[in-house]
Amino acid sequence: MIVAYGFANLLQSVAAARTTVHHTFDPGLLLRLAGHRTYLVGLICQIGGFVLAFLARRDLPLFLVQASVAAGLGVTAILGVLVLKWRLPAAEVALLALLFAGIGALVLAARPAPSRQLGTAGTVALLVALGGIAVLGFFAVRLHGAPGSVALGSLAGLAFSAAAVAARPLASAPSAEAFLTQPLFYLLIAHSIVGQLLLGLAMQRGSTTAAVAAMDAAGAVPAAVVGLLLLNDKIWPGREWLAAVGFLVTLAAVIGLTRYAEPQHHAKARRRDRRVPGSAPAEPVEQRLGAAWPARPPAQASTGLRRPTTRS
């Protein structure tokens with residue numbers, strides 16, 4: 001699950017950086033992203049991670065599952081260094097180490113238990129949250145650079161957190177018919193789509209690390225609180241302190257990672273634009289990833305001219 005989310009974050013960020021930046025809350029971005037093979041492969045990885053997380057939520061508390069999803073950020077950063085030649089400061093490496101240490105503590109503290117049902121009031125609350133996140137996203141999309149990346153990533157985290165809350169009791173459905181007829185199933189889909197759109201918008205504006213860290217930080221606390229208060233999430237007796245320390249360390253690590261908001265893909269693009277005309281082009285990201293992306297137009301690769309950016 002952790003590795004699947006790590007690959008998904010990396011591949012989707014590559015596609016988002018190569019797509020025209022959107023300045024409106026336009027669902028058409030998902031259709032444009034779907035035109036990139038990178039994004040589709042990343043989406044398949046994300047779906048695989050989602051299925052594994054969904055199955056884990058049947059018995060495991062949300063504070064553990066959501067923290068494990070957050071650990072995908074560490075895998076993304078490692079892959080970015082190895083494949084895309086990202087440069088991570090030493091402080092960020094230390095934060096990644098803290099992230100995995102915190103998750104290890106949560107693994108030791110979490111006690112498996114089946115979920116309680118959410119009830120009508122909880123279902124209505126998820127519906128209201130969906131509308132509120134969409135409205136905030138409409139205004140947050142006007143932000144640029146790192147602030148826009150963090151704001152949109154945070155809203156994506158809230159959407160995915162609400163999806164996780166819906167998934168925990170839904171995973172205990174006794175039959176396929178009960179699963180498909182529950183309102184939670186459709187709220188899960190709606191929150192996931194809104195979260196995916198917000199995450200794509202966030203990745204266009206800043207670094208993948210900043211967008212995903214903001215998403216994980218904003219989504220961790222609500223899911224953990226709701227799980228402990230309403231969904232029968234359990235901690236082994238005597239290990240409450242370990243759960244608290246692990247959760248706080250994990251949360252502090254992902255929040256700390258939002259400080260490093262250099263737009264890595266955009267910075268690489270600017271460096272390519274400043275190449276001397278006639279110099280040899282740098283090896284494309286797609287070739288380093290070993291996938292069959294469409295080749296860039298020769299004129300652009302040889303002259304280093306920037307393609308005009310249009311607003312949608």
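Values reported hereafter were calculated over all heavy atoms of this structure, with side chains retained and with hydrogens, waters and symmetry mates removed. Numbering starts at 1 and runs along the sequence shown. This is a predicted model, so every value here is computed, not measured.
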N/O donor-acceptor pair under 3.5 Å between [X] side chain and [Y] backbone:
{"X": "Ser161", "Y": "Gly157", "result": "no"}
{"X": "Glu177", "Y": "Ser175", "result": "no"}
{"X": "Tyr186", "Y": "Leu180", "result": "yes"}

Discussion item. I'd like to know whether Phe160 forms a side-chain contact (heavy atoms from CB on, under 4.5 Å) with Met215, so could you lay out the CA-CA distance, the side-chain angles of the two residues, the decisive distance to 0.1 Å, and finally the verdict.
Written reply: CA-CA 8 Å; Phe160 287 129; Met215 176 186 69; 3.5 Å; yes
Please report the shortest heavy-atom distance between [X] and [Y], naming the atom on each side.
{"X": "Ala167", "Y": "Leu188", "value": "CB-CD1, 4.3 Å"}
{"X": "Leu158", "Y": "Pro222", "value": "CD2-CG, 4.0 Å"}
{"X": "Ala140", "Y": "Leu155", "value": "CB-CD1, 3.8 Å"}
{"X": "Leu126", "Y": "Ala166", "value": "CD1-CB, 3.9 Å"}
{"X": "Met1", "Y": "Gly49", "value": "CG-O, 3.8 Å"}
{"X": "Leu152", "Y": "Ala202", "value": "CB-CB, 3.7 Å"}

Hey, what do you get for [atom1] ([X]) to [atom2] ([Y]), rounding to the nearest 0.5 Å?
{"X": "Ser115", "Y": "Leu62", "atom1": "OG", "atom2": "CG", "answer": "7.5 Å"}
{"X": "Leu198", "Y": "Ile193", "atom1": "CG", "atom2": "CD1", "answer": "12.0 Å"}
{"X": "His191", "Y": "Leu130", "atom1": "NE2", "atom2": "CG", "answer": "4.5 Å"}
{"X": "Leu170", "Y": "Leu118", "atom1": "CG", "atom2": "CG", "answer": "10.5 Å"}
{"X": "Leu127", "Y": "Leu184", "atom1": "CG", "atom2": "CG", "answer": "11.0 Å"}
{"X": "Thr250", "Y": "Phe63", "atom1": "OG1", "atom2": "CZ", "answer": "11.0 Å"}

Fill in: Phe54: ring-ring contact (aromatic ring centres under 6.0 Å, His included) partners, not counting sequence neighbours
Phe179
If two hydrophobic side chains count as joined below 4.5 Å and joins carry through other members, does [X] share a cluster with [Y]?
{"X": "Leu64", "Y": "Leu52", "result": "yes"}
{"X": "Trp236", "Y": "Val249", "result": "no"}
{"X": "Val225", "Y": "Ile235", "result": "yes"}
{"X": "Val107", "Y": "Val69", "result": "yes"}

Return the set of residues passing side-chain contact (heavy atoms from CB on, under 4.5 Å) with [X] (not counting sequence neighbours), or none when no residue passes.
{"X": "Ala56", "value": "Leu60, Val65"}
{"X": "Ala113", "value": "Asn232, Lys234"}
{"X": "Gln117", "value": "Pro169, Gln182"}
{"X": "Ser154", "value": "Val150, Ala214, Ala218"}

Could you give all pairs that pass the side-chain hydrogen bond (donor to acceptor under 3.5 Å, both in side chains) test and reach [range], with sequence neighbours left out?
{"range": "residues 48-61", "result": "Arg57-Gln66"}
{"range": "residues 125-141", "result": "none"}
{"range": "residues 164-174", "result": "Arg168-Asp233"}

Worksheet item: For residues 145-162, which residue pairs qualify under salt bridge (charged side-chain N to carboxylate O under 4.0 Å, His left out), counting only residues two or more places apart or in two chains?
Response: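 Pairs touching residues 145-162 that pass the test: none.
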Item to complete: Could you name each residue pair satisfying salt bridge (charged side-chain N to carboxylate O under 4.0 Å, His left out) that touches residues 222-232, not counting sequence neighbours?
Response: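 Of all non-adjacent pairs touching residues 222-232, none passes salt bridge (charged side-chain N to carboxylate O under 4.0 Å, His left out).
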Worksheet item: How far apart are the C-alpha atoms of Leu197 and Leu201, what are their side-chain angles, what is the distance that settles it, and do they pass the side-chain contact (heavy atoms from CB on, under 4.5 Å) test?
Response: CA-CA 6 Å; Leu197 173 59; Leu201 292 167; 4.2 Å; yes
Worksheet item: Heavy atoms, side chains only, cut-off 4.5 Å: are Val221 and Phe247 in contact?
Response: yes
Response to the item:
Exactly one candidate in Val141, Leu136, Val135 meets side-chain contact (heavy atoms from CB on, under 4.5 Å) with Phe139; the answer is Val135
Item to complete: Show which residues join Val128 in its hydrophobic cluster (side-chain heavy-atom contacts under 4.5 Å, direct or indirect), or state none.
Response: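 Noted: Val128 shares its cluster with Val124.
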